[in-house]
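See below for the structure under consideration.
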Number of protein chains: 4
Amino acid sequence: MDDQEGRQLIGEFPSVPKQERAYQKRKALLESGRVLFSDKGYENTTAKEIAAHANVATGTFYRYFCDKRQLLMELIKDQLERYMPPEPSWLNHDPEAVLATLLEKHNQRLNRLGLHRVLPELLPHDPELAEVLADVRRKLHDSIHEGLKQAKELGYTWEDLDLDSVAWSILVLTEKLPEMGPETGYIPNYHAISKIICRMVFPPEILLQLRSEEKGLTGNNYTNGCDHEI
Amino acid sequence: MDDQEGRQLIGEFPSVPKQERAYQKRKALLESGRVLFSDKGYENTTAKEIAAHANVATGTFYRYFCDKRQLLMELIKDQLERYMPPEPSWLNHDPEAVLATLLEKHNQRLNRLGLHRVLPELLPHDPELAEVLADVRRKLHDSIHEGLKQAKELGYTWEDLDLDSVAWSILVLTEKLPEMGPETGYIPNYHAISKIICRMVFPPEILLQLRSEEKGLTGNNYTNGCDHEI
Amino acid sequence: MDDQEGRQLIGEFPSVPKQERAYQKRKALLESGRVLFSDKGYENTTAKEIAAHANVATGTFYRYFCDKRQLLMELIKDQLERYMPPEPSWLNHDPEAVLATLLEKHNQRLNRLGLHRVLPELLPHDPELAEVLADVRRKLHDSIHEGLKQAKELGYTWEDLDLDSVAWSILVLTEKLPEMGPETGYIPNYHAISKIICRMVFPPEILLQLRSEEKGLTGNNYTNGCDHEI
Amino acid sequence: MDDQEGRQLIGEFPSVPKQERAYQKRKALLESGRVLFSDKGYENTTAKEIAAHANVATGTFYRYFCDKRQLLMELIKDQLERYMPPEPSWLNHDPEAVLATLLEKHNQRLNRLGLHRVLPELLPHDPELAEVLADVRRKLHDSIHEGLKQAKELGYTWEDLDLDSVAWSILVLTEKLPEMGPETGYIPNYHAISKIICRMVFPPEILLQLRSEEKGLTGNNYTNGCDHEI
DNA sequence: AATGAATGAGGCTTCATTCAT
DNA sequence: GATGAATGAAGCCTCATTCAT
């Protein structure tokens, strides 16, 4: 994946294969950490286990990471962008369907990473981590917020939309609903969630309008007509 | 529990104060546990610290609780009902305002307990606790779901409401938004959240109608005639 | 049993019943200690358990015994004489049968006391206890030794009897064989053991002679006659 | 075990000494355990002490043994065969002298091990250990029993020998007498003990006969010849 | 650089003993 | 005297981290 940066020196020096191998090891450790952390939690995973899972010696762990916590931080930083949702495009397409698709993909990513099982364990006790996470969330929120703002300015949303609250609501729903699963009694229905979110944002007429006009969209201010057949 | 016998006789007789003091001590330990757990997390809090914080010796801890985990379980069980939201009454009053109030109160309770800082830490690794928590959530969800169902049957909600998804969305929003605070960059605006939730449930006309007619409400579906005294 | 000493003051003073009750409590504690020690071992028995088993409060234990060890010492001292074997009378009767009976009774006593389960646990680490026990054993040994000596002087035993070794052998056999039980695969056969011991001491002719002459025993020095059909 | 590979290469290569050193450390811990257990008893010896005595850190103890008990078990299992007495050969030689020698050697082994100070402490409370020990004893008993049986069938023993009781008696005497020492007031006299044991088994004539004929032994049924000058 | 044995602080828990009632 | 709650030292064991090879 990110191999490219690591390999920038290929062919330049005999030491390169060494660096390459080192790089692989680092990657293996990160991956082992990810897997074990999300399986058994951060506190319940020992450095030794991570090393063993990555097929290196205990001591090697500490050549690549100054401590267990750092591995987690790297893990999170490395994958920050994967927490970022794809640019949510409210306007140009059938927002419900688009959102449903985006949600599903995003959730698959989240589940693949599995870090949502670890973060809550540490957030309260690790201010730095909390800060990092808060940053990601803020960016995520900001991006949602910005999209909503544009939509609002074009007159597509409810007039009285509280951008901030809606953005956080969307963020929370998209973050937490996928964490649910059979064991909690709810299997996320992305289409339904998507509809719910759209209803938080758009009056029903707009959704109809968007869907019918597809591209010839005219951004008139919404006026309280109502025929919410959906 | 031993409350009644224990408390009413304070000062009357040596034997009773003994029970009373034991009761107080137990309470002090629970409270110390609650405070320290939500301050520093479960794993980072030692039994010794809890004892010290409650002004008792280490060993005393183990007279009242067989181990650290049990204290947490008691903490949670003792306060389960506080996790339950008050009966959400969608129909009789201005639902937005009522919901806003309920949310605010509920959130204050949650924040006072502070257990939402601890639970995520343990949930993945403690199946029993997870089960207990899942139960509470399911009940909460069911109660929300039931309220929504009644409203839907009366024709007050969007016709195509996916009760399950909406109920879980409401649960998630009411559970997670209050956990946010200045540090995450969002100070919950209960009125805005309330409006968002109502929009997930009711078409705007219904809300207007409810608000204007207050009690002489005619529930057309919207034609559904109705007198939802509940 | 030993109630008499305890009751010497009966009727003299109102305080006497108190002393009586105290005495009963002490006895109950000793008995509880005995039972629990021989069931679960000394280290594995807590003062609290002993108190509970004797139906007194933990603290009461320490009114009667300065510590756990003292209870054990009392137990042992109280019952020292029960470790002493009955005067073994080699000469006057059918020694085998007599010995068999004595062994059986002694072993029953030992098993009732059950202390042989406890002593080995402590002996190596408690010089005082070891001394006490060694004393008992020495006395036991001396008494056996003395009996053997008399028999030897009367010419009833093997000529070259090593009194010391034989006495210790008898002591060891009578002490250890009864500790065996079904779980070790040997159910003590007292008659056989008795025969073995007699053979260690007496030439077969003497045994025959003793048995036939019963009381008109003439203690002539044993001269190698032999018909050891037994 | 790792003995061979481990030892022969000392100093040759870094990897081997590593195993060697680990092996040495394990041995040191076992030895420290042995010494401390037999000095102060099992319960009174802490893992920390054992580690300290072996000049390693507390944690190192747990690299080699999962807990204190396991060290003891290893100790015992490692040395089981040393509890087994050498094949007791009743027939071919002067049984008394041979037995005396065997006893002495066996006792030296036992005393070197010193485990007889520990075992009684644990036996009552540790069924697994008890089982292991009982096994060893049963084997020991069986081997003695078998030897006796052969001798009996050849007509060398008392006719009415109760094999089981005699075998257990021999086992008990050989096991317990050596545990005695100056502190108990008896310094084992192996020759005397040996004579006692032989008397439990053989009529005096047989002993004489065995001694005189040495190898030209004719296994005729014992007939009361007698000249038990010893 | 890699290894994995070694370290030892620190958590959990028990229990002999004390002490307020 | 009696009670049983309280005490806290001390044992067991884990695991993050270091270090000799």
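Protein chains get the first letters and strands the later ones, always in sequence-line order, with residue 1 at the start of each. Just so it is clear, the model here is predicted, and its values are computed rather than measured.
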Could you tell me the separation between the [atom1] atom of [X] and the [atom2] atom of [N], rounded to a whole number of Å?
X        : N       : atom1 : atom2 : answer
Lys40(C) : dC15(E) : NZ    : C1'   : 12 Å
Ile50(B) : dT7(F)  : CD1   : C1'   : 18 Å
Leu29(A) : dT3(E)  : CG    : P     : 10 Å
Leu71(A) : dT17(F) : CG    : P     : 12 Å
Asn55(D) : dA5(E)  : CG    : C1'   : 16 Å
Tyr23(A) : dA1(E)  : OH    : P     : 16 Å
Phe65(D) : dT14(F) : CZ    : P     : 15 Å

* When all nucleic acid strands are considered with a 4.0 Å heavy-atom cut-off, which category describes Thr46(C): base, sugar-phosphate, or nothing? ->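 Sugar-phosphate, backbone atoms only, no base.
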
* Asked: Between Glu49(B) and Lys68(B), does at least one N-O distance fall below 4.0 Å, as a salt bridge requires?
  ->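 Salt bridge: no.
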
* Asked: Do Lys77(B) and Glu74(B) meet the salt-bridge criterion of a basic N to acidic O distance under 4.0 Å?
  ->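 So Glu74(B) does not pair with Lys77(B) through a salt bridge.
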
Are OP1 or OP2 of [N] and a side-chain N or O of [X] less than 4.0 angstrom apart?
X        : N       : result
Tyr64(D) : dA5(E)  : no
Lys68(A) : dA16(F) : yes
Lys25(A) : dA2(E)  : yes
Thr60(C) : dT3(F)  : yes

* To do: Provide the Watson-Crick or G-U wobble partner of dA20(F), both distances under 3.5 Å; none if there is no partner.
  =>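 Because both required distances fall under 3.5 Å, dA20(F) counts as paired with dT3(E).
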
* Asked: Mind checking who dG11(F) pairs with, Watson-Crick or G-U wobble, both distances under 3.5 Å?
  ->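 Across any shown strand, dG11(F) pairs with dC12(E).
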
* Earlier contact from the 5' end, DNA chain E, for Phe61(C) and Glu49(B) ->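 By nearest-heavy-atom nucleotide position, the 5'-most residue is Glu49(B).
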
* Closest nucleotide of DNA chain E for Lys48(B) versus for Lys48(A): which of these residues is on the 5' side? ->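 Nearest-nucleotide comparison on DNA chain E picks Lys48(A).
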
* **Given dG8(F), dA6(E), dC12(E), the nucleotide with the shortest approach to the side chain of Tyr62(B)** =>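 Selected nucleotide (nearest to the side chain): dC12(E).
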
* Out of dT7(E), dA2(E), dT17(E), whichever nucleotide has its closest atom nearest the side chain of Arg63(A) ->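 Looking only at side-chain atoms, Arg63(A) lies closest to dA2(E).
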
* Is it possible for you to check whether Lys25(B) lies under 6.0 Å from the centre of the six-membered ring of Tyr64(B), through NZ or CZ, and within 45° of that ring's axis? =>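 The answer is no, since Lys25(B) fails at least one limit relative to Tyr64(B).
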
* Does Phe61(C) have Lys48(C) sitting over its ring (NZ/CZ under 6.0 Å from centre, angle to axis within 45°)? ->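 Cation-pi check for Lys48(C) and Phe61(C): fails.
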
* Report the residue (Asp67(A) or Glu43(D)) whose heavy-atom-nearest nucleotide on DNA chain F is the more 5′ of the two. =>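 Result: Glu43(D).
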
* What do the steps show when you test Met73(A) against Phe65(A) for side-chain contact (heavy atoms from CB on, under 4.5 Å), and what is the final call? -> CA-CA 10 Å; Met73(A) 295 301 281; Phe65(A) 304 96; over 6 Å; no

